[in-house]
Amino acid sequence: MKYFVEEGSIVREIWGKADSILFIFAGASAEFALNKAVDWLYFTGRLPADPLGRLFSTVSYARQIVFSEYDAALNSIDKIAAIHHGVEQSRGAQIPDWAYRDVLFMLIDYSIRSFEVLERKLTVAEKDDVFKVFLAVGERMKIRDLPSTFEAWEIMRKQHLQDNLLQSDFTVDLYKQYRKHLGPIRYPMLRQVQIMVVPDRVNQLLSLGKIEFLKPVLWLYKGCRFFGFEKFIRNAILPTDYKNQVIELDLV
C-alpha cells in the first residue's frame, strides 16, 4: 500500500506523538493570532467561539494527511481546499496566496521546532523531508509561488515573518479567548511553550519574554519517560474537552 508519507519518515515520528503535536499547536496558536489574514478565521465566527477547537482541527487535518494512504490523503487535501473556496465564495473575496503559504510554512517550521525542543536536533536531510511532505500538500492545493527547496523555504519563511505578521485587535481578542478557555493554570503554560518554539519575530510582537520557566519542568517530564508515567502527567493537565482527542494522537 502506498502512503502519502513513507513509513520510516521523520514526519511520521513527529506527527505520531501527541507531545509534538501539542507543541506545534502552541506555536501555531501564537502565529495565527498575529497573521494579517486572521480576519478570515473570524469571518465564519468559529475561531472566536472555539479557538482551541478551530486551531486543533487545523492540526488534526494535517496529521490525518500524514498517516493516510496516498489517494485518501489527496482526497483530504482536496476537501480542505474546497472548504476554503466555500468560505471565499461566502465572503465574495479570495484568501491571499501568501496566507495559504503562511499556514503551510507554519506546519513546516513548527514540526521542526517542536521536535527539536522535545527530542533532538534534526539532520539537514530530515528537515528536507519535512519540507517536501508539506510542499506536496501545498502543490496539491495549487498554492502559487511555493519554494522548490528547503533553502529557498528558509529565505521565504523569514520574509513572511517580517511582512505578514501584525499585532492587531484580533490578536488581543484571540489571546483573551485563549485565557478564557484555558484558565489560570493552562494559559501561562501555553505562553511558556510558545516562548520555547516560536521564532524571535513572533515572540517580539507578542511580548512573550525570554525566560523559559517551563524548561526545568520539561526536563523533569522527559526524565519521567524512563519510568513510563509521563503521559499520565501530561493527560492530567489537558483541558477536559480535548483530553481524549490528544490521547488518541499517540501512535509511536
Side-chain angles (χ1 to χ4, degrees), residues 1-32 55-81 84 100-143 146-158 160-161 193-194 196-199 202 218 222 225 230-231 234 245-252:
M1 180 179 292
K2 181 180 179 181
Y3 289 97
F4 188 76
V5 178
E6 294 182 4
E7 295 181 278
S9 167
I10 188 64
V11 180
R12 281 177 168 260
E13 184 175 351
I14 295 170
W15 285 83
K17 295 181 179 179
D19 293 350
S20 299
I21 296 174
L22 287 172
F23 272 53
I24 292 168
F25 167 86
S29 66
E31 197 165 324
F32 265 121
L55 294 172
F56 196 81
S57 68
T58 299
V59 174
S60 295
Y61 265 121
R63 179 182 176 278
Q64 178 183 338
I65 291 166
V66 167
F67 289 97
S68 289
E69 178 269 330
Y70 186 79
D71 289 335
L74 295 185
N75 288 336
S76 294
I77 296 170
D78 293 343
K79 181 179 178 181
I80 294 170
H84 285 85
Y100 282 112
R101 289 194 297 271
D102 277 347
V103 175
L104 199 68
F105 288 4
M106 274 189 260
L107 294 173
I108 297 169
D109 201 5
Y110 291 121
S111 292
I112 294 170
R113 289 172 178 271
S114 297
F115 188 82
E116 291 193 332
V117 167
L118 287 165
E119 305 293 341
R120 60 171 174 80
K121 292 293 184 181
L122 292 172
T123 66
V124 174
E126 288 171 332
K127 291 179 180 180
D128 190 58
D129 189 12
V130 175
F131 165 74
K132 286 179 178 176
V133 165
F134 288 103
L135 174 65
V137 174
E139 289 175 339
R140 180 68 181 187
M141 291 184 68
K142 297 181 173 58
I143 300 174
L146 291 172
S148 58
T149 66
F150 180 77
E151 291 75 16
W153 169 81
E154 287 183 300
I155 295 171
M156 288 186 69
R157 172 65 170 158
K158 290 178 182 178
H160 273 233
L161 288 169
V193 173
Q194 290 173 342
M196 287 190 273
V197 298
V198 301
V202 175
L218 182 60
K222 290 179 180 180
R225 292 174 178 172
E230 80 283 358
K231 292 179 182 178
R234 181 199 67 201
Q245 295 180 56
V246 173
I247 292 172
E248 290 172 358
L249 294 174
D250 274 317
L251 292 178
V252 297

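- A donor-acceptor distance shorter than 3.5 angstrom exists from the side chain of Glu69 to the backbone of Ala72, with no hydrogens or angles considered.
- Here the closest non-hydrogen pair linking Arg140 and Asp78 is NH2-OD2, 2.8 Å.
- Arg113 has its side chain out of reach of Phe23: every pair of non-hydrogen atoms, C-beta onward, lies at least 4.5 Å apart.
- Note that CG of Asp71 is 10.0 Å distant from CE of Met1, once rounded to the nearest 0.5 Å.
- The two residues Val193 and Ala26 have their closest heavy-atom pair at CG1-CB, 3.5 Å.
- Atom CD in Glu116 sits 11.0 Å away from atom OG in Ser111 (nearest 0.5 Å).
- Taking the ring axis of Tyr70 as reference, the NZ or CZ atom of Lys2 stays within 45° of it and closer than 6.0 Å to the ring centre.
- In this pair, Phe105 and His160 present their aromatic rings tilted. The plane angle is within the 30 to 60° band.
- Heavy atoms only, all atoms of each residue included: Val11 and Asp129 are closest at CG2-O, 4.0 Å.
- Distance check: Lys17 NZ to Ile24 CD1 gives 12.0 Å after rounding to the nearest 0.5 Å.
- Phe115 has its side chain within reach of Arg120: a pair of non-hydrogen atoms, C-beta onward, lies under 4.5 Å apart.
- The structure places CG of Leu122 at 5.5 Å from CD1 of Ile14, a figure rounded to the nearest 0.5 Å.
- Side chain of Glu126 to main chain of Thr123: a donor-acceptor pair is present (N/O by atom type, distance under 3.5 Å, no hydrogens or angles).
- The CZ atom of Arg63 lies 14.0 Å from the CG atom of Leu107; values are rounded to the nearest 0.5 Å.
- With salt bridges taken as basic N to acidic carboxylate O contacts below 4.0 Å, none links Glu6 and Arg12.
- Between Val103 and Phe32, the closest side-chain pair of non-hydrogen atoms falls below 4.5 Å.
- In the displayed structure, Tyr61 atom OH is contacted under 6.0 Å by at most 12 heavy atoms of other residues, nucleotides or ligands.
- Residues Trp153 and Ile108 meet the side-chain proximity criterion, which asks for heavy atoms closer than 4.5 Å.
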Legend entry - Test side-chain contact (heavy atoms from CB on, under 4.5 Å) applied to Ile112 and Phe150, step by step: CA-CA 12 Å; Ile112 294 170; Phe150 180 77; 3.9 Å; yes

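- Looking at every heavy atom in both residues, Pro199 comes nearest to Asp109 through CG-OD2, 3.9 Å.
- Here the straight-line distance linking atom CG of Leu22 with atom CG of Leu118 works out to 9.0 Å at 0.5 Å rounding.
- Looking at Ser68, its side chain does come within 3.5 Å of a backbone N or O of Gln64 through a donor-acceptor pair.
- For Ser148 against Leu135, the heavy-atom pair with the smallest separation is O-CD2, 4.4 Å.
- Residues Ile65 and Ala73 approach most closely at O-CB, 3.8 Å, considering heavy atoms.
- Between Val137 and Phe4 the shortest side-chain heavy-atom distance falls below 4.5 Å.
- Ion pairing of Glu31 with Arg157 is present here, as a side-chain N (NZ or NE/NH1/NH2) and a carboxylate O approach within less than 4.0 Å.
- Between Trp15 and Ser20, the side chains place no donor N or O within less than 3.5 Å of an acceptor N or O (distance only, hydrogens not considered).
- Contact of the Phe25 side chain with the Ser114 side chain is not registered, since no non-hydrogen atoms from C-beta on lie closer than 4.5 Å.
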